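These notes are about the structure you will find just below.
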Amino acid sequence: MNYTQGLPADFFQQPTLQLAQSLLGCLLVKETAEGTASGFIVETEAYMGPEDRAAHSYNNRRTKRTEVMFGEAGLIYTYKMHTHTLVNVVSGPLEKPEAILIRAVEPYMGIDLMQKRRGTDNLKNLTSGPGKLTKALGITMEDYGHSFSAPPLVIVQGKIPDEVSSGARIGIDNTGEAKEYPWRFWVTNNPFVSRHRKGTSK
DNA sequence: AATCTGATATGCT
DNA sequence: GCATATCAGATTT
């Protein structure tokens, strides 16, 4: 199978919190010289720009790193955290710095390649975290600023999750009230989510 | 639960 | 230039 085109632009133009849920079950595909690897998105977190203390773009902080968040929905926002690359989907209209962090995927195609890149054959440990999935899929800063609608990194239609849960986000201590906002979404009971915390299913 | 790792950008001196 | 902060992960206690 070959992916020449991702989801249409209007898919990404949903309100950010809604898009974060819509992305669950979609297939994230990365094509490289080594081969194609892909996985179903099973966990996301929304970051709501100026009003969100936890967001890089809080208070419209516009820097070289956050610049792409002010662009159009459907662009790729990658950044590095320590030794790991994390990947986000830019959301919201132009000049609204909102984004959705992809926190975990369920391995689908190219599992051999992912195992090689991660140095493990434990499926549950391949892509169950934002830094892990980028390494497994081969996502790098090279992808920064590109679109999820075109190769080599695309999001295509996948399957509809059976059930979706929501709850507080992860890793954002000391950011005041924002840390309790239920802006993390995951596929209920999916074993590939990064951390199992309590949430409410819908 | 604590600690190490150490990319990138920002802010201060 | 140096100090600091960041949407982690792996390893060790």
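Since we're looking at a predicted model, the values are computed, not measured. Chain letters run A, B, ... following the sequence lines, proteins first and then strands; every chain starts at 1.
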Please output the side-chain donor-acceptor pairs of residues 116-128 of chain A that fall under 3.5 Å, not counting sequence neighbours, one pair per line with the distance.
from	atom 1	to	atom 2	distance (Å)
A:Arg117	NH1	A:Ala136	O	2.9
A:Arg117	NH1	A:Leu137	O	3.2
A:Arg117	NH2	A:Thr32	OG1	3.1
A:Arg117	NH2	A:Glu34	OE1	3.2
A:Arg118	NE	A:Leu126	O	2.9
A:Arg118	NH2	A:Asn125	O	2.7
A:Thr120	OG1	A:Asn122	N	3.0
A:Asn122	OD1	A:Lys124	N	3.1
A:Asn125	OD1	A:Lys132	NZ	3.0
A:Thr127	OG1	A:Val105	O	2.5
A:Ser128	OG	A:Lys124	O	2.8
A:Ser128	OG	A:Lys132	NZ	3.4

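Note: CG (A:Asn122) to P (C:dG9) measures 15 Å, nearest angstrom. Going from atom CE of A:Met48 over to atom C1' of C:dC7 covers 15 Å, rounded to whole Å. Atom CD of A:Glu67 and atom P of B:dT8 are 18 Å apart (whole Å). One atom, CE of A:Met69, and another, C1' of C:dT6, lie 13 Å apart when rounded to the nearest Å. Rounded to an integer number of Å, the gap from CZ of A:Arg118 to C1' of C:dA8 is 11 Å. At whole-Å resolution of the value, CG in A:Leu101 and P in C:dA8 are 7 Å apart. Computed from coordinates, the A:Lys64 NZ to B:dG11 C1' distance equals 15 Å when rounded to whole Å. Separating the NZ atom of A:Lys179 from the P atom of C:dC7 is a distance of 14 Å, rounded to the nearest angstrom.
A:Lys132 has a side-chain polar atom (N or O) that falls below the 4.0 Å cut-off from OP1 or OP2 of C:dA10. Taking side-chain N and O atoms only, A:Thr63 has a distance below 4.0 Å to OP1 or OP2 of B:dT10. Taking 4.0 angstrom as the limit, A:Arg53 places none of its side-chain polar atoms (N or O) nearer than this to OP1 or OP2 of C:dT6. Contact check, A:Arg103 against C:dA8: a side-chain N or O comes under 4.0 Å of OP1 or OP2.
Note that the CE atom of A:Met69 and the CG atom of A:Asn60 stand 10.5 Å from one another [nearest 0.5 Å].
By the 5.5 angstrom centroid cut-off and the 30-degree plane limit, A:His56 is classified as not stacked against the base of C:dT6. Look at A:Tyr79 and the base of B:dT8; the rings do not stack under the cut-offs of 5.5 Å between centres and 30° between planes. Stacking between A:His82 and the base of B:dG6 is absent under the criterion of ring centres within 5.5 Å and planes under 30 degrees.
As judged by a 4.0 angstrom heavy-atom cut-off over every strand, A:Arg169 is placed among residues making no nucleic acid contact. Heavy atoms of A:Arg195 sit nowhere under 4.0 angstrom from any nucleic acid atom.
Contact annotation: the side chain of A:Leu17 approaches that of A:Met48 to within less than 4.5 Å [non-hydrogen atoms, C-beta and beyond].
Heavy atoms only, all atoms of each residue included: A:Ser194 and A:Gly129 are closest at CB-CA, 3.8 Å.
Remark: side-chain polar atoms of A:Asn59 are not paired, donor with acceptor, to backbone N or O of A:Arg61 under 3.5 angstrom. Proximity of a side-chain donor or acceptor of A:Thr134 to a complementary backbone N or O of A:Thr85 within less than 3.5 Å is detected. Proximity of a side-chain donor or acceptor of A:Glu67 to a complementary backbone N or O of A:Lys64 within less than 3.5 Å is not detected.
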ask   = Based on Watson-Crick and G-U pairs with both distances under 3.5 Å, what dot-bracket line describes DNA chain C 5' to 3', crossing pairs as [ ] and inter-strand pairs as |?
value = ||||||.|||||.

